[in-house]
Amino acid sequence: MDFREQAKALQPQLLLWRRRLHQIPELNNETFLTAGEITQFLRAIGIPAEDIRPMVKGAGLAVTIHGKDTGRCVGIRVDIDALAEEEKTDLPFASLNGNMHACGHDTHAAMGLGAAKLLFENRESLNGAVKVIFQPGEELYLGAKAMIEEGVLEAPKVDACISIHGMPNLVAPGFSCGSISVTNGMPAFGCSSFFEMKFIGKGGHTAHPEKAVDPIFMQAAAITQLYGVISRETNPATPAVISVSYVKGGSVGRIAEDITIGGVLRSLDKKRNQWMFDRMATICKSVAESMGGSCECKMTDGVPETRMDPELLEIAKASAARIVGPERVVIQTEADLVGEDFAYFAERIPCVHIKHSQRYDDGPNDYYLHNPQYAPCEDSFWTGSGTLAQFAWDYLENS
Ligand SMILES: [Zn+2]
Ligand SMILES: [Zn+2]
């Protein structure tokens with residue numbers, strides 16, 4: 001089975017689904033309207049209600065398409081949540097409710113629906129089952145965990161899973177609207193950890209710094225050294241980043257007692273994050289002590305890296321090539337340290353993630369994900385649906 005032509009024919013429908021979902025963006029594990037609309041769309045495709053399983057209190061759902069009874073099942077996971085920001089595009093189908101699909105998850109939902117339709121229409125010769133998972137709560141890493149705990153990977157048991165993310169930027173040369181990209185084997189997304197360092201000094205009158213111990217002075221000195229952990233102590237070939245993203249504390253009239261800085265560490269594995277944190281803690285403590293204060297340091301886990309299964313990567317490449325042509329399957333060789341909660345699926349079963357170019361080839365929109373003006377290229381959602389369906393098909397044929 002080659003889904004290219006069938007997928008192409010879906011494009012007008014994909015546009016309608018995407019635009020409808022774009023108008024009703026919802027947050028976290030509260031994507032009830034969105035999940036309701038998706039359920040209606042699935043019913044309109046002809047999928048029986050008993051094959052649609054509402055999950056996370058109705059914020060998400062999993063639909064099983066039953067092909068031949070082979071005992072095999074492959075998953076297609078798409079996320080469906082949005083961001084709490086006001087849309088600043090002039091699109092006629094802009095958000096109506098103050099939230100925004102600024103990460104393009106509306107396009108993922110539409111592409112997942114398209115894949116469901118393609119597979120459902122060809123179910124009689126499908127060599128097993130496909131579970132299409134519409135997941136809430138990706139942005140705050142809530143949804144994947146909730147669905148896994150509720151048993152999304154069971155009944156039927158999911159043997160392997162694919163997911164997709166739209167990308168507005170150039171992952172590599174040739175990544176034009178509708179192209180598909182997979183990694184060269186490295187994780188598709190990074191491992192993130194949150195850190196917080198509390199610098200403790202001694203408060204005092206701003207006219208008498210000599211009688212105080214100023215934690216603002218300490219953190220200023222520390223931040224400039226922290227970035228040296230990457231630029232001076234990390235092999236340049238190792239992807240890693242430290243971002244201090246907040247400084248909290250202080251007031252106008254008084255030298256503060258304490259100041260807290262915090263942010264995110266990212267790399268391709270947890271050990272590297274732990275090493276970065278340990279170095280940062282050493283620096284913060286020694287800077288604070290050298291200035292007469294002290295520092296309390298703590299780290300908490302974000303998401304693990306999203307590991308790719310090498311065999312699934314090969315299937316995904318071949319499946320994508322059948323839809324877009326081999327020249328438009330782009331191999332990503334640079335790390336992407338964004339976090340993704342699809343990582344929790346990939347911790348449990350073999351997984352692969354594909355990136356779908358939603359980049360206008362010559363402008364007009366250059367905004368990145370999460371930007372209130374983000375407006376992805378709408379011309380080629382069919383290549384996303386087609387690749388997801390083709391992958392599921394090819395996996396079941398080959399396993
Ligand atoms: Zn996002
Ligand atoms: Zn996203």
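As the structure lists them, so they are numbered: ligands from 1, and atoms in each ligand from 1. Please read all numbers here as calculations on a predicted model, not as lab measurements.
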Check V152, N29, I133 against M55 for a side chain to side chain contact (heavy atoms under 4.5 Å, CB included) and give me the one that passes. V152
Could you tell me whether K117 and E121 make a salt bridge, using a distance below 4.0 angstrom between a side-chain N and a carboxylate O? yes
min-distance N/O/S atom, H370 vs the Zn ion (ligand 1), resolves to NE2
Under-2.8 Å neighbours of the Zn ion (ligand 2), protein N/O/S atoms only: 3
Considering residues at least two apart in sequence or located in another chain, which fulfil the ring-ring contact (aromatic ring centres under 6.0 Å, His included) criterion with H165? H105, H108
Between K88 and E85, is there a salt bridge with N-O shorter than 4.0 Å? no
Side chain proximity check, F277 to C297, heavy atoms < 4.5 angstrom: yes
Salt bridge present between E150 and R53 (N-O < 4.0 angstrom): no
